[in-house]
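The residues of the chain are indexed from 1 along the displayed sequence. What's counted below: heavy atoms across the whole structure, side chains too, no hydrogens, waters or symmetry copies. Because the structure is a prediction, the values reported are computed rather than measured.
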Amino acid sequence: MEADFWHNRWENNLTGFHLNEVNPYLKANWPELNLKSDSRVFVPLCGKSLDLIWLAEQGHQVIGCELSKLAVEAFFSENKLTVERSQIGDLELWQSDKISIFCGDFFNLTPELLGKIDAVFDRASLIALPSAMRQDYAAKMSELTQSAPKLLITLEYDQSKMDGPPFSVLKSEVKALYEAKYQVKQLSAQDVLGNNEKFKEKGLSYMNECSYLLTKIG
């Protein structure tokens, strides 16, 4: 998606993708990654997600990336976190105790800026991108995080009845994007259409929310 699309969403409070609670699939499946408490965890396109707070509460050092400055400001303000800001090239780094967020374009991140990553949580990143961008995104993610395990959340629905975002990303596409470098294990799939009336109104008959564990091959 064009950057202006997401800036407009935040400016006009069109943020239905934001959860006012910690993602239940994160809490249920995070133990599958078997991480040390002080691991460095990357959360791409993080918005003002409370998932960052939960991950920090597990002892992790959490690094997010978010395009919208409004979202980043809201995150630190709403959670009453003291923050320091610094400009690093095209990105602005907002830092608190255990949580840092790079504000700017995900594709401007480099492995040197991000540092070593021990795990990734992707709930709203891959499904925020149209199909034409997802291969570049997956390649960039592998460049940034190397073989770090990843907990990935996707949605599956009839794309002919509703265009995204959020976009439908089938299991076959997850495998096509990642299985050259990672073992792809589906952990769960649950129809959540009953909890999303606005999607029912668009004519959808199902909407499966799926979670995957991606781990290094070998």
Side-chain angles (χ1 to χ4, degrees), residues 1-29 42-52 54 64-72 74-75 105-107 120-142 150-179 182 184-214:
M1 309 297 292
E2 295 294 333
D4 286 347
F5 173 88
W6 293 110
H7 287 308
N8 179 68
R9 283 291 186 97
W10 284 101
E11 287 167 6
N12 293 284
N13 200 31
L14 301 172
T15 54
F17 48 83
H18 173 71
L19 287 181
N20 291 315
E21 61 182 1
V22 178
N23 185 273
Y25 298 98
L26 169 62
K27 296 172 77 171
N29 295 312
F42 181 47
V43 184
L45 281 64
C46 60
K48 59 175 186 176
S49 174
L50 294 175
D51 299 338
L52 304 176
W54 186 87
C65 184
E66 169 54 42
L67 181 65
S68 170
K69 187 174 181 178
L70 288 178
V72 179
F75 172 79
D105 189 335
F106 165 82
F107 288 97
V120 176
F121 177 56
D122 179 342
R123 179 194 79 86
S125 194
L126 184 65
I127 61 174
L129 301 174
S131 58
M133 294 183 67
R134 293 198 285 262
Q135 188 166 355
D136 288 342
Y137 167 83
K140 182 69 173 180
M141 182 63 74
S142 294
K150 297 164 177 55
L151 179 59
L152 170 66
I153 311 298
T154 65
L155 294 173
E156 295 182 349
Y157 61 86
D158 185 349
Q159 192 86 66
S160 69
K161 295 185 181 298
M162 184 186 85
D163 200 6
F167 293 96
S168 175
V169 180
L170 301 179
K171 182 178 181 179
S172 57
E173 184 176 358
V174 174
K175 287 190 170 184
L177 290 172
Y178 286 112
E179 69 179 356
Y182 304 93
V184 178
K185 177 183 178 183
Q186 186 168 9
L187 301 175
S188 64
Q190 182 176 356
D191 191 343
V192 295
L193 186 61
N195 301 326
N196 294 276
E197 193 64 34
K198 64 179 180 180
F199 295 136
K200 276 186 182 180
E201 293 170 358
K202 293 180 181 293
L204 297 186
S205 57
Y206 70 95
M207 176 177 271
N208 293 332
E209 193 163 19
C210 305
S211 59
Y212 297 90
L213 176 64
L214 280 57

Rounded to the nearest 0.5 Å, what separates atom [atom1] in [X] from atom [atom2] in [Y]?
| X | Y | atom1 | atom2 | answer |
| --- | --- | --- | --- | --- |
| Ile127 | Ile153 | CD1 | CD1 | 9.0 Å |
| Phe121 | Cys46 | CZ | SG | 11.5 Å |
| Met162 | Phe167 | CE | CZ | 9.0 Å |
| Ser172 | Leu177 | OG | CG | 9.5 Å |
| Tyr206 | Lys161 | OH | NZ | 9.5 Å |
| Glu66 | Leu52 | CD | CG | 10.0 Å |

Exercise for review: For Ser188, check side chain to side chain contact (heavy atoms under 4.5 Å, CB included) against everything at least two apart and list the hits.
Suggested key: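 For Ser188, the residues satisfying side chain to side chain contact (heavy atoms under 4.5 Å, CB included) (neighbours in sequence not counted) are Tyr25, Asn29, Ser211.
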Practice item. Please list, chain by chain and in numerical order, all residues satisfying side chain to side chain contact (heavy atoms under 4.5 Å, CB included) with Glu156, sequence neighbours excluded. Key: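 With neighbours one apart ignored, the set is Ser168, Leu170, Lys171, Asn208, Cys210, Tyr212.
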Taking every non-hydrogen atom, the tightest pair across [X] and [Y]:
| X | Y | answer |
| --- | --- | --- |
| Asp191 | Ser205 | OD2-O, 4.4 Å |
| Asp158 | Leu204 | O-CD2, 3.7 Å |
| Phe107 | Asp136 | CE2-O, 3.8 Å |
| Lys48 | Ala74 | CD-CB, 3.9 Å |
| Arg134 | Leu129 | NH1-O, 2.7 Å |
| Leu126 | Asp122 | N-OD1, 3.3 Å |

Check your understanding: Checking side-chain contact (heavy atoms from CB on, under 4.5 Å) for the pair Val120/Met141: CA distance, chi angles, key distance, verdict?
Key -> CA-CA 9 Å; Val120 176; Met141 182 63 74; 4.2 Å; yes
Check your understanding: Taking Asn23 for the side chain and Leu26 for the main chain, is one N or O donor matched with an acceptor at less than 3.5 Å?
Key ->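 Looks like yes, one N/O pair under 3.5 Å.
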Practice item. Step through the shown structure and confirm whether more than 12 heavy atoms of other residues, nucleotides or ligands are within 6.0 Å of CD on Gln159. Key: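 For Gln159, atom CD is crowded (more than 12 foreign heavy atoms under 6.0 Å).
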Flag the pair [X] / [Y] as yes when at least one side-chain heavy-atom distance between them is below 4.5 Å, and no otherwise.
| X | Y | answer |
| --- | --- | --- |
| Leu151 | Leu187 | yes |
| Arg123 | Asp51 | yes |
| Cys65 | Phe42 | yes |

Check your understanding: What residues form a ring-ring contact (aromatic ring centres under 6.0 Å, His included) with Phe106, not counting sequence neighbours?
Key ->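 For Phe106, the residues satisfying ring-ring contact (aromatic ring centres under 6.0 Å, His included) (neighbours in sequence not counted) are Tyr137.
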